[in-house]
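Since the structure comes first, as structure tokens, the remarks are kept for the end.
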Protein chains: 2
Amino acid sequence: MAYAEQYIDKLRKSGLRPTKQRIKICEVLFDADKTFHFTIKELVKIIENQANIKVSLATVYNTVHAFIKKGYLKEIPLNSSQSYYDTNVTHHHHFFDEEDNKLIDIDQDDVDEINIRKKIPGKKIRSVEVIAKIVSDNQSQK
Amino acid sequence: MAYAEQYIDKLRKSGLRPTKQRIKICEVLFDADKTFHFTIKELVKIIENQANIKVSLATVYNTVHAFIKKGYLKEIPLNSSQSYYDTNVTHHHHFFDEEDNKLIDIDQDDVDEINIRKKIPGKKIRSVEVIAKIVSDNQSQK
DNA sequence: TCAACAGTTTAGAACTATTTTAATGTAATT
DNA sequence: AATTACATTAAAATAGTTCTAAACTGTTGA
């Protein structure tokens with residue numbers, strides 16, 4: 001397992017010791033060649049299905065938050081009862097399908113650069129995100 | 001009180017009967033010439049301070065949600081433990097100050113029109129919002 | 001005026017996501 | 001192997017939000 005090195009490295013850089021549970025979390029999050037969106041609940045379910053390792057919610061929350069702090073994961077701002085996370089940490093945007101409660105990536109290239117002309121004294125912009133909410137287009141069905 | 005008519009109208013259009021409590025909520029939300037951001041907790045506190053009317057959380061939640069459904073209020077997407085609402089229902093964007101947990105409006109005019117080139121079949125865009133997270137600019141202080 | 005009814009309000013309970021706690025377990029280092 | 005420092009865990013705590021069921025209010029019509 002050549003990936004394991006990477007995971008241990010990521011964990012160490014996040015200030016976490018590489019344990020069985022945490023390496024399993026890394027496998028789920030970083031093994032795929034695709035990036036994806038998830039909630040904590042979903043992540044726990046995936047781990048339970050894929051492995052015979054018990055992981056408590058607390059461990060998952062702690063690990064996910066350490067990765068966010070380090071920049072290995074992103075939190076997606078959404079007014080939903082639960083938080084959504086993204087393994088795609090490149091600069092990009094999102095559709096949120098309000099009917100299916102699904103997130104869809106929008107590449108940075110698909111949106112013109114966003115230039116905000118308003119400035120706040122003493123503050124700098126850390127991130128800019130676009131959320132486009134989408135619903136069924138009934139017009140086109142008629 | 002000339003405004004009362006408007007409030008009663010808004011309530012009726014939202015499918016709610018105009019009661020003392022609900023009219024009070026309207027007074028707080030729609031009386032000011034300025035728009036503002038609030039959380040449910042803050043709204044309850046304002047009502048308690050301004051009036052001798054008891055309002056339960058349940059009534060406030062129900063009324064706020066009825067107004068959102070009708071488009072008289074907007075929910076602001078933010079990954080925060082509590083929901084933020086906006087009496088400004090025009091198309092605009094936000095700064096979110098991560099240190100003070102404060103929202104600041106950005107006029108639509110201060111951001112170039114956002115053109116998303118990616119399309120999702122059968123879906124249409126209902127809203128597009130920009131959230132720019134800001135923090136202290138330590139660079140400029142050094 | 002009064003009874004009946006439909007819709008409201010309310011306190012408190014329930015629910016859900018998240019965080020904390022504190023006891024037990026484990027990895028790393030000597 | 002012993003020590004130490006950190007991890008894991010279940011369970012409890014917390015906080016925002018939603019639900020519930022009982023009491024209440026105001027309107028209508030006789």
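A note on names: the letters A, B, ... follow the listed sequences, proteins ahead of strands, and every chain is numbered from 1. As a basis for the values below, the full set of heavy atoms in this structure was taken, side chains included, without hydrogen atoms, waters or symmetry mates. This structure is a prediction, so every number in the text was calculated from the model and none was measured.
- C:dA28 atom P lies 8 Å from atom CD1 of A:I8, rounded to whole Å.
- OP1 or OP2 of C:dT18 lies within a sub-4.0 Å distance of a side-chain N or O belonging to A:S83.
- Nucleic acid contact class of A:L16 (heavy atoms, under 4.0 Å, all strands): sugar-phosphate only.
- Under the 3.5 Å distance criterion, with hydrogens and angles disregarded, no donor-acceptor pair is assigned to the side chains of A:H92 and A:D110.
- Distance CD (B:E75) to P (D:dG16): 15 Å, rounded to an integer number of Å.
- Heavy atoms of A:S56 sit under 4.0 angstrom from at least one base atom.
- One finds a side-chain N or O of A:R22 lying less than 4.0 angstrom from the OP1 or OP2 phosphate oxygen of D:dA7.
- Nearer to the 5' terminus of DNA chain D, by closest-nucleotide assignment, is the contact made by A:V55 (compared with the other of A:V55 and B:I40).
- Counting non-hydrogen atoms under 4.0 angstrom, A:T59 reaches a base of the nucleic acid.
- When the P atom of D:dT25 is taken as reference, atom CD of B:Q21 falls 10 Å away, rounded to whole Å.
- When all heavy atoms are compared, the tightest approach of A:R126 to B:V135 is CD-CG1, 3.9 Å.
- To the nearest angstrom, P of C:dA17 lies 18 Å from CG of A:N62.
- Between B:Y61 atom OH and D:dT20 atom C1' the separation is 17 Å, expressed in whole Å.
- Classification of the B:H65-B:Y61 ring pair by plane angle, with boundaries at 30° and 60°, yields tilted.
- Side-chain proximity of A:A58 to D:dT8, D:dT18, D:dA10: nearest is D:dA10.
- B:R17 places its CZ atom 12 Å from the C1' atom of C:dT9, with the value rounded to the nearest Å.
- In this structure, A:Q82 atom CD and C:dT18 atom P are separated by 6 Å, rounded to whole Å.
- In this structure, A:E42 places its CD atom 16 Å from C1' of C:dT18, rounding to the nearest Å.
- Out of D:dT8, D:dT17, C:dA28, the shortest distance to the side chain of B:L57 is found at D:dT17.
- The aromatic rings of A:F36 and A:F38 sit tilted relative to each other, their planes meeting at an angle between 30° and 60°.
- Between B:H65 and D:dT18 there is a side-chain N or O to OP1 or OP2 distance below 4.0 Å.
- Within 4.0 Å (heavy atoms only), A:G15 reaches sugar-phosphate atoms of the nucleic acid but no base atom.
- Using a 4.0 Å cut-off, no side-chain N or O of A:K54 falls inside it from OP1 or OP2 of D:dT8.
- Between B:F30 and B:Y7, the ring planes are tilted. Angles from 30° to 60° get that label.
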